[in-house]
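Some notes on the structure that comes next.
Note on naming: letters A, B, ... go to the chains in the order of the sequence lines (proteins, then strands), and numbering restarts at 1 for each one. Remember, it's a predicted structure, so these values are computed and weren't measured experimentally.
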Number of protein chains: 2
Amino acid sequence: MHPPADPDPHRRVNPQVREGFSLCELVPVPLRLIDGQADGASMGKVVDGGGEGAAEVTGIESSGRLPWRKATLARRDIPDAVVSRLPGYLQVLTDLAAAGERTIPSAELAVRSGVGPATLRKDLAHLGSTGTRGVGYQVDPLIATLRDCLGLNRPWRVVIIGAGHLGRALAAYPGFTERGFSLAGIVDVDAAAIGTRVGGVTIRHTDDLAELIADPPSTMAVIAVPALAAQRAADQAIALGVTGILNFAPVVLNVPASVEVRNVDLSTELQILAFHAGQPPADEHQEVS
Amino acid sequence: MHPPADPDPHRRVNPQVREGFSLCELVPVPLRLIDGQADGASMGKVVDGGGEGAAEVTGIESSGRLPWRKATLARRDIPDAVVSRLPGYLQVLTDLAAAGERTIPSAELAVRSGVGPATLRKDLAHLGSTGTRGVGYQVDPLIATLRDCLGLNRPWRVVIIGAGHLGRALAAYPGFTERGFSLAGIVDVDAAAIGTRVGGVTIRHTDDLAELIADPPSTMAVIAVPALAAQRAADQAIALGVTGILNFAPVVLNVPASVEVRNVDLSTELQILAFHAGQPPADEHQEVS
DNA sequence: TAGATTGTTAATCGATTAACAATC
DNA sequence: TAGATTGTTAATCGATTAACAATC
């Protein structure tokens, strides 16, 4: 009935530890910390962190005893597969809101999002139940919940590294700012490009990256440089505090586990299409099993 | 140890039948066909196709009794998750070949590809075992096998629909032709753009799409138009015989099951990064479970 | 109430991983 | 042979799906 599961090539990184810990809604769940014993082989002992800081979604370890915020989401608990579908739901819901819809049943939202209704309801249940039995989901509150979950209510500043055709196209992409990402700047090493205006900013030299990222701070970088320059670009960005990288270069970036990388590779996608195009065509009237 | 599984948002389509059938190496497996009864509700009856045509990877239903080609691969049998990793392996291997490497053990190829060694070996086993115990994999033969499997030994012509910033950047992207895809042309409806040269071709009007796709035939299209125009572009391309679509517009395309769609959405990726950036930072010394 | 639709369970399905016998 | 590394098995893990009780 549905496209089979397919692990996300966009999240591929060199094997690294990526262990999370869980937060629960409204319940002060302590951070799980490893105590200090440097015992490499055995498992770290889980220590009760004392109930502090877990509700603060920015992940900054709190120094004082914060009042328990109404944590809207158990964000750590959401599987990656679910997270990757949330932007799609948000997109569809935004369109629905613009069209004046107030509520929508899961069946319809699912069709418009390209997923099954069971998957949709289970996904949304991860955000805390927002639906009403017999009615469906309220569009506006669900949008708010999704935006909150994805962290889109804070400003995100993004730098683009590489001002070739692709970098400039990305800088000029309106969807960038439409969805709350603001372009901090774009850099390149090519003297011919520097000084050109694109997407509301002026292309600067890569040497200015530190300055650009620092104030106000950017935490996301888009890498749009040739493959050979990509690792260096990533290293620079990470050294300057970037924790999220969208990589368009066809290389596996080596990054610390604290940095999230998503890869987008045009030719990978074309090759996957080639594979399928080379297959015997799926018969439209094929048996449904 | 590894990034968790993550279903591939790039393959999301409206729920449609996507049933395959299997080919086995060297064994003439008949196509499974549904007989003609137009019985909508009940399941189609599976009919033995008589053993013809299954080995022809182009998927054109053969009219005569073809000799059984030595089918190098059971391409239908390869899980999507595996297929999505093959281009990455090919990329790494190509780099290794350029560096003069003759053989490579799975452990090293795995690290360079950002996957685990067990996954790598299991993936390659799907292509027929090409490794040598105690030695590793031979680079050049493995490249040949991968290219064969992905269907990269045939010419693939691609049309780009939409000549905005992104469409033009894609047209100019060298990786396009470097990996065996040739740009058939690029079209737009904007009179100001038509006539401009980009990536070795001249931007033509969308009305010329039929002509462009027909001769020589293109089977792949890249959609780089605004969201509102994407479905229409897809419909046009599909009507003209395109069976693979790389969609950059943030919409779920409605296509027949015989058409493969892969979605690339910049803002989706940024939103996923935002989610992770909003999380408590993964502790580098976190417990390994 | 009756109809509709959610939230959740349990079953299925598929992908990943560790481990090791096979074998170069 | 001894060492190295594959191919494959079996176990684990996670994601999807169908179905239905809960409930608006």
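For the OP1/OP2 pair of dT6(C) and a distance below 4.0 Å, the side-chain nitrogens and oxygens of T132(A) include no atom meeting the criterion. Contact annotation: S106(A) side-chain N/O to dT5(C) OP1/OP2 distance is not under 4.0 Å. Remark: R133(A) is not in phosphate contact with dA22(D), judged by side-chain N or O atoms under 4.0 Å from OP1 or OP2. Between Y137(B) and dC24(C) there is no side-chain N or O to OP1 or OP2 distance below 4.0 Å.
Using a 4.0 Å heavy-atom distance criterion, T103(A) is classed as making no nucleic acid contact.
Per the geometry, NE2 belonging to H126(B) stands 12 Å off P belonging to dG7(D), to the nearest Å. If you take CG of L124(B) and P of dT8(D), they are 12 Å apart, rounded to a whole angstrom. Rounded to a whole Å, the CZ atom of R121(A) is 13 Å from the P atom of dT17(D). Distance CG (D123(A)) to C1' (dT16(D)): 10 Å, rounded to an integer number of Å. Taking atom CD1 of I78(B) as the reference point, atom P of dA15(C) lies 12 Å away to the nearest angstrom. Here dA18(C) presents its P atom at 14 Å from CG of L120(B), a figure rounded to the nearest Å. Here the P atom of nucleotide dT17(D) and the CZ atom of R85(A) are 9 Å apart, to the nearest Å. Taking atom CD of Q138(B) as the reference point, atom C1' of dG7(D) lies 17 Å away to the nearest angstrom.
Here the straight-line distance linking atom CD of E269(A) with atom CZ of F248(B) works out to 7.5 Å at 0.5 Å rounding. Between L127(B) atom CG and L124(B) atom CG the span is 5.5 Å, to the nearest 0.5 Å.
More than 12 heavy atoms of other residues, nucleotides or ligands shown are found within 6.0 angstrom of CD on Q231(A).
Taking the side chain as every heavy atom from C-beta outward, I272(B) and L150(A) never approach each other to under 4.5 Å.
Using N1 to N3 plus N6-O4 or O6-N4 for Watson-Crick, or N1-O2 and O6-N3 for G-U wobble, each under 3.5 Å, dA19(C) pairs with dT8(D). The partner of dC24(C) is dG3(D), judged by Watson-Crick or G-U wobble contacts that both fall below 3.5 Å.
A residue-by-residue look at K122(A) and G136(A) shows that G136(A) has its nearest nucleotide of DNA chain C further toward the 5' end.
With T145(B) contributing its side chain and P141(B) its backbone, the two residues share a donor-acceptor pair below 3.5 Å.
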